[in-house]
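Below is one structure, written out as structure tokens; the observations come after it.
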Amino acid sequence: MNRALRGASRSPADASRRTPVYDLIFDSQNSLGKAARMTDKPDEKKVTPRSQDFAAWYNDLILRAELADYSPVRGCIVFRPDGFAIWEALRDELDRRIKKTGARNAYFPLFIPQSFLHKEAQHVEGFAPEVAVVTHGGGKELEEPLIVRPTSETIINHMFAQWIHSHRDLPLMINQWCNVVRWEMRTRIFLRTTEFLWQEGHTAHAMRAEAEAETLTMLEVYRKFAEEILAIPIVAGRKSAAERFPGAEETYTIEGLMGDGRALQCGTSHFLGQNFARAFEIRFLDEKNELVHPWQTSWGVSTRLLGAIIMTHGDDQGLRLPPAVASTQVVIVPIWRKADEGERVVTAARSILLALENAGIRARLDERDGVTPGFKFNDWEMRGVPLRVEIGPRDVASGEVVLARRDIPGPAGKSKAAMNEVAVRATALLSEIQKNMLVQARAAMDANTHPVMSYDQLRTQMEGEGGGGFADVYWCGNPVCETKIREETRATCRAIPLNQSHPPGKCVVCGEPASERALFAKAY
RNA sequence: CGGGGUGUAGCUCAGCCUGGUAGAGCACUACGUUCGGGACGUAGGAGUCGCAGGUUCAAAUCCUGUCACCCCGACCA
């Protein structure tokens, strides 16, 4: 995404530096943020305000916080250390939770024989257009082209066929962390990139009910993980047939709602039935000595979650990271003028750093020379560090420090703590911040979720650019009604929430009886 | 694939119409003064003007070709 992803993203300064005339005449095709940009004074230090141009804000944050950078390859990004650290933290925690369910990690090849893709009809239909194909190797044309995995369903099932012979081999539960490639026409940093990192779990079970249960177990693992670790509120639900994974019998989603009112699928869990088992001839002898196909699931989350974190929590000051995934949880900013002050302040700051580290906190002392404390405050806020310790000569004298919370901006988020209690206070605050971020995000989601009783109301809600939040509607389940909504409002069915307890109603489109409610929204 | 647009310093752009020694802001380097919410001064480094050909005494500038990229549409997790 050299320019591809860069497109929407001008640096804040440059966006506003351009003259109004330029914007009106030449930028008229770019629907976002024209009007606001015109009135803005150039301010190179600030990021494009979120309310002004969400897409530009999003890109500004990623670049300024140094999470990722564009690469020379279209659609591909570089994960910089601060961005990759979030992925690592997230991955380590999720990996623990996946293993707890009984799955084990393995690794399958990047390359897959092209013919494998063709074995499952829906699967090939779904993925063929976005697959990268390797035709040459070692200077010669290959007998059979290899595809670069867009997902590993096929090759894993090929192996499953060799490994599964008896019901005693089941359940077989495999997970792999890897990269996949999908040749998307339009990419967006973290949300849809040509190559991305993910985790894909694949399981095979003797009984249909077991596989169905596994699908929902993993959905719940994802939901809890997203809410507890990423502080992203989730709607767990079923996908409509149109939104289903190619080859799946049922697809479930953990759906999030981003700061601009657009929905984002944060993870999926599929019940595959016996589709792949048939296609790849996976069979086993059951207890009755009959040769039967196993029932399967697959489930995954990707680096898209980084985008979800940014778009759920970020503000005009920059990133806001949930403490659980922040590579720096606490930053200490020393403040001083004269050399003798500096000596005392830095000495005190170092002992605080040690105390924090001993308490198991990922802490860091910003000893940079040549930038002012004010700059450091802003810099670490941009990078999303959840908690800041400010320590100056006055604090050293009084034996106190200032603690500033990232989740509560301004003076309201500042408090004082005795120097010998900093680690204890920081530990408590980090856990409070983690919880509070979920509370804040859930409030935003609730405020953007509207029960909608009429089709006109639905249209009104989805009018204009950007998202319109979730529309909570009765839907009869007919794809015709779904298509009508999509074509006329650009909103799609994001989820049919689980465990509904609504009385039957009437479809918001056709008025026919509807037993379930569904959430529609414009999506990423 | 259709429509629109852009290639000049790391980034964003001016210069092109009317040919004559390559510019600005930000970023970067050094030094000094600064430092409780984004400091300032001075000096400095940095560009085969996307590429190829043509016109000309002379091309970033004019002409022809070509390549790349961006936006909108179509398609799609």
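Every chain is numbered from 1 and lettered A, B, ... according to where its sequence line falls, protein lines coming before strand lines.
In this structure, the CD atom of A:Glu487 is 11 Å from the P atom of B:A74, given to the nearest Å. What separates CZ of A:Phe127 from P of B:C75 is a distance of 19 Å, to the nearest Å. One can place CZ of A:Arg64 at 15 Å from P of B:C26, the figure rounded to the nearest angstrom. Residue A:Arg244 contributes atom CZ, which lies 18 Å from atom C1' of B:C76 at whole-angstrom precision. When rounded to the nearest whole Å, the span between CG of A:Asp369 and P of B:A39 equals 14 Å. Atom CZ of A:Arg368 is separated from atom C1' of B:U34 by 16 Å (rounded to the nearest Å). In this structure, CZ of A:Phe375 is placed 12 Å from P of B:C40, rounded to the nearest angstrom. Protein atom CZ of A:Arg344 is 17 Å distant from nucleotide atom P of B:G36, rounded to whole Å.
The partner of B:G2, taking Watson-Crick or G-U wobble pairs whose two distances both stay under 3.5 Å, is B:C72. Judged by Watson-Crick or G-U wobble contacts below 3.5 Å, the nucleotide B:A24 has B:U12 as its partner. Look at B:A43: its Watson-Crick or wobble partner, with both distances under 3.5 angstrom, is B:U29. Within the shown strands, B:G50 is the pairing partner of B:U66 under the Watson-Crick or G-U definition, both distances less than 3.5 Å. Figure legend. B:U34 is base-paired to no nucleotide; pairs are counted as Watson-Crick or G-U wobble with both atom distances under 3.5 Å.
Put simply, the residue from A:Phe190, A:Trp177, A:Phe196, A:Trp198 that forms a ring-ring contact (aromatic ring centres under 6.0 Å, His included) with A:Trp87 is A:Trp177.
Using a 4.0 Å cut-off between charged nitrogen and carboxylate oxygen, A:Glu153 and A:Lys119 do not count as a salt-bridge pair. Salt bridge absent: A:Arg406 and A:Glu381 never bring a charged side-chain N and a carboxylate O closer than 4.0 Å. A salt bridge links A:Arg368 with A:Asp366: the distance from a Lys NZ or Arg NE/NH1/NH2 to an Asp or Glu carboxylate oxygen falls below 4.0 Å. A salt bridge between A:Glu516 and A:Arg238 is present, with a side-chain N of the basic residue lying under 4.0 Å from a carboxylate O of the acidic one.
Separation of the C1' atoms belonging to B:G36 and B:U29 is 29 Å when rounded to the nearest angstrom. On the C1' atoms, B:C51 is 28 Å away from B:G45, given to the nearest whole Å. Rounded to whole Å, the C1' atom of B:A59 lies 10 Å from the corresponding atom of B:U55. Here, B:U48 and B:A43 have their P atoms 26 Å apart, quoted to the whole Å. Distance check on atom C1': B:A24 versus B:A46 gives 14 Å, rounded to whole Å. When the C1' atom is compared between B:A30 and B:G37, the two are found 28 Å apart, to the nearest whole Å.
One N or O donor and one acceptor, one from the side chain of A:Asp395 and one from the base of B:G36, sit under 3.5 Å apart. With hydrogens and angles left out, the side chain of A:Arg337 and the base of B:G36 share no donor-acceptor pair within 3.5 Å. The base of B:G37 sits with one of its N or O atoms less than 3.5 Å from a complementary donor or acceptor on the side chain of A:Lys414.
Nucleic acid contact class of A:Glu381 (heavy atoms, under 4.0 Å, all strands): base.
Of the candidates B:G38, B:C76, B:G36, B:G36 carries the atom nearest the A:Pro393 side chain, counting heavy atoms from C-beta on. Here B:G36 is the nucleotide among B:G36, B:C76, B:G38 with the atom lying nearest to any side-chain atom of A:Val402. Nearest to the side chain of A:Thr372, among B:C76, B:G36, B:A39, sits B:A39. In this structure, of B:C35, B:G38, B:G73, it is B:G38 that holds the atom nearest to the side chain of A:Asn378. When each of B:G73, B:C76, B:G38 is scored by its nearest atom to the side-chain atoms of A:Arg192, the top-ranked nucleotide is B:C76.
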Requested in this report: List the steps and the verdict of side chain to side chain donor-acceptor pair (under 3.5 Å) for A:Lys239 and A:Gln265.
Outcome: CA-CA 10 Å; A:Lys239 281 292 188 190; A:Gln265 180 173 303; 3.3 Å; yes

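Of the two residues contacting RNA chain B, namely A:Lys376 and A:Ala242, the nearest-nucleotide position lying further toward the 5' end is that of A:Lys376. Each of A:Arg182 and A:Lys338 was matched to the nucleotide of RNA chain B holding its nearest heavy atom; the match closer to the 5' end belongs to A:Lys338.
In this structure the side chain of A:Trp57 reaches within 4.5 angstrom of the side chain of A:Asp316, judged on heavy atoms.
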